[in-house]
Amino acid sequence: MTGGNATREEYLARLLPVYRVVSVLSEKNGCRTLRLRHRELGRDLVLHLLPFRSPAYETLLSLRCENLPEVYDAVPLSDGEAVLEEYVDGVTVAAVTEVRLYRYREAREVLAGVCSALAVLHARGLVHRDVKPENVMISKTGRVVLIDFNVSRAVSDKPRDTVVMGTVGYAPPEQLGIAQSDARTDIYAAGILLNVMLTGRHPSETLAPGRAGRIVKKCTQVNPKDRYQNVRRLADAL
Amino acid sequence: METKSTNELLAELERCEDFTRFYRENRDEMVSEPLSVMLEKLLAESGRKKAEVIRLSEMSEVYAYQIFSGKRAPDRKKLLALAFGMGLDLEKTQKLLKCAGYSPLYAKLPFDCAVIYGLCKKLSVVETNGILFSLGEETVG
C-alpha cells in the first residue's frame, strides 16, 4: 500500500477496513505503535506510525535475520512514515527480570541473539542506540528478537549527536553529546543489558560476578576505544 | 464470601465508636485474600481453562502465568484483560479490581465507561479495544 500524500491518520484509516486494532502497544515521543489483526486471516502485525522517516526500518525491509523482526513495508507519508512489522508473540527481557534473574547460560544465549541482530545492523552502517531489556523480546519458541528502531540512526548521519536519544543508564557518554554514536555505543548498552539480566541492577550498583563481570566492564568503558570494537568480539568473549 | 455490601460496611464504620471492635466483628467482610487466590477462584467459576483465558485476554502467556502464580502484580489494564478473558460480569470484575487494590470501574470516565460496556455486552478484548481506540483512549491488556 502506497502512502502518496496521505497523513499518518489517513493511512491508518485505510488499513482499518482490513485490520482491526488489537491494542495500542506504545505512544511516546510522537511515535505510535499498534498491534493490528487481519480481519479475515486472523494474523497479527505491528504498525509503527512515526513522525519522521526512519532509515533503520527502510534498511530492515531488505534484511532477513532471525534476531530482527521482519519488516513488511515502510511507507513514506506527508507527516512521517508508517512501518508494518512482524508481531513477535512473546515477552520482553524486562518482564522476565522483574520476576527473576537469568542464569549465565540463559543470559549468554540472549546476548548472543542481540549480538547477531546488531552485527546485521552494524554491517549496514546502522546503530540501534536503544538496546535495553524492554527492547529485547523472547518469543514463545525461544527466539531472541531485538525490537524498536525508532531512535536508530546511520553512523554517518551527523558529525555528533546533538539531541540526546536513547535511555538513561544504557546510553554511553558519546550518546549524550560528547562524540558520535557508532557500533560501540550499542556494545556499551549490551554490557548493561548483560549485567541487568544477571543481577537485576546497573553495573554501577552491582557488577555481575566473575567472567560476566569482566565482559560487562569491558563493554562499558567510558572511552569507546577501550570497549570491544565490534559485536563479534563481544560474542566470542561470551 | 461477603454478606454485607460495601455501603453497609461504610455506614457501620461511620457510626462506630470503637474501631478495634468494628474491625474484629467485620474481619471476615474485608478483602484479604491474595490476588492470585481470587484469580484462581474466578477462573474455576468461569469454567474456562487457563490457557483459553490467556488467549482470550490477548496477553503474553509468560506474563499471564506470572500473574496467576502471584509472581507479578498486574496493572489495572492487564487485570481487566484477564477479566475479559474469564468472561467476568461487571460485579465480579469490580471485586477483582478491589482485591488488587485498584479503583473500581467508574462509568463517568471514558475509559471505564467503554470497558463497562464491553463487559456488559460480553465483547472480546479486541472488540472493546476497538471502541477504546476510536475514543483515543488507552487499550486494555
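Proteins come first, then strands; the chains are lettered A, B, ... in the order of their sequence lines, and each starts at number 1.
Of all the heavy atoms in Ser60(B) and Gly90(A), the pair that sits closest is CB-O, 3.2 Å. Heavy-atom minimum distance, Val22(A) versus Val126(B): CG1-CG2, 4.1 Å.
Among residues 30-43 of chain A, the residues having any heavy atom closer than 4.5 Å to a heavy atom of chain B are, in sequence order, Arg32(A), Leu34(A), Arg35(A), Arg37(A).
Residues Glu127(B) and Arg20(A) have side chains in contact (heavy-atom distance under 4.5 Å, counting atoms from C-beta outward).
No part of Glu138(B) comes within reach of chain A, as not one of its non-hydrogen atoms sits under 4.5 angstrom from that chain.
Shown here is Arg21(B), whose CZ atom has no more than 12 heavy atoms of other residues, nucleotides or ligands within 6.0 Å. Summarising the local packing, CZ of Arg201(A) is surrounded by 12 or fewer heavy atoms from other residues, nucleotides or ligands at distances under 6.0 Å. Other residues, nucleotides and ligands contribute more than 12 heavy atoms inside 6.0 Å of the OH atom of Tyr72(A). In Arg105(A), the CZ atom is not crowded: 12 or fewer heavy atoms of neighbouring residues, nucleotides or ligands sit closer than 6.0 Å.
Under a 3.5 Å cut-off, the side chain of Arg72(B) and the backbone N or O of Glu98(A) do not form any donor-acceptor pair. Judged by distance alone, with hydrogens and angles left aside, the side-chain atoms of Thr139(B) form a donor-acceptor pair with the main-chain N or O of Val24(A) at under 3.5 Å.
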Could you walk me through whether Phe133(B) and Leu12(A) pass the side-chain contact (heavy atoms from CB on, under 4.5 Å) test, one step at a time? CA-CA 12 Å; Phe133(B) 182 76; Leu12(A) 176 60; 3.5 Å; yes
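Residue Met59(B) holds its CE atom at 11.5 Å from CG of Asp89(A), rounded to the nearest 0.5 Å.
Taking chain B as the reference chain and counting heavy-atom pairs below 4.5 Å, the highest number among Val96(A), Val21(A), Thr92(A) is found for Val21(A).
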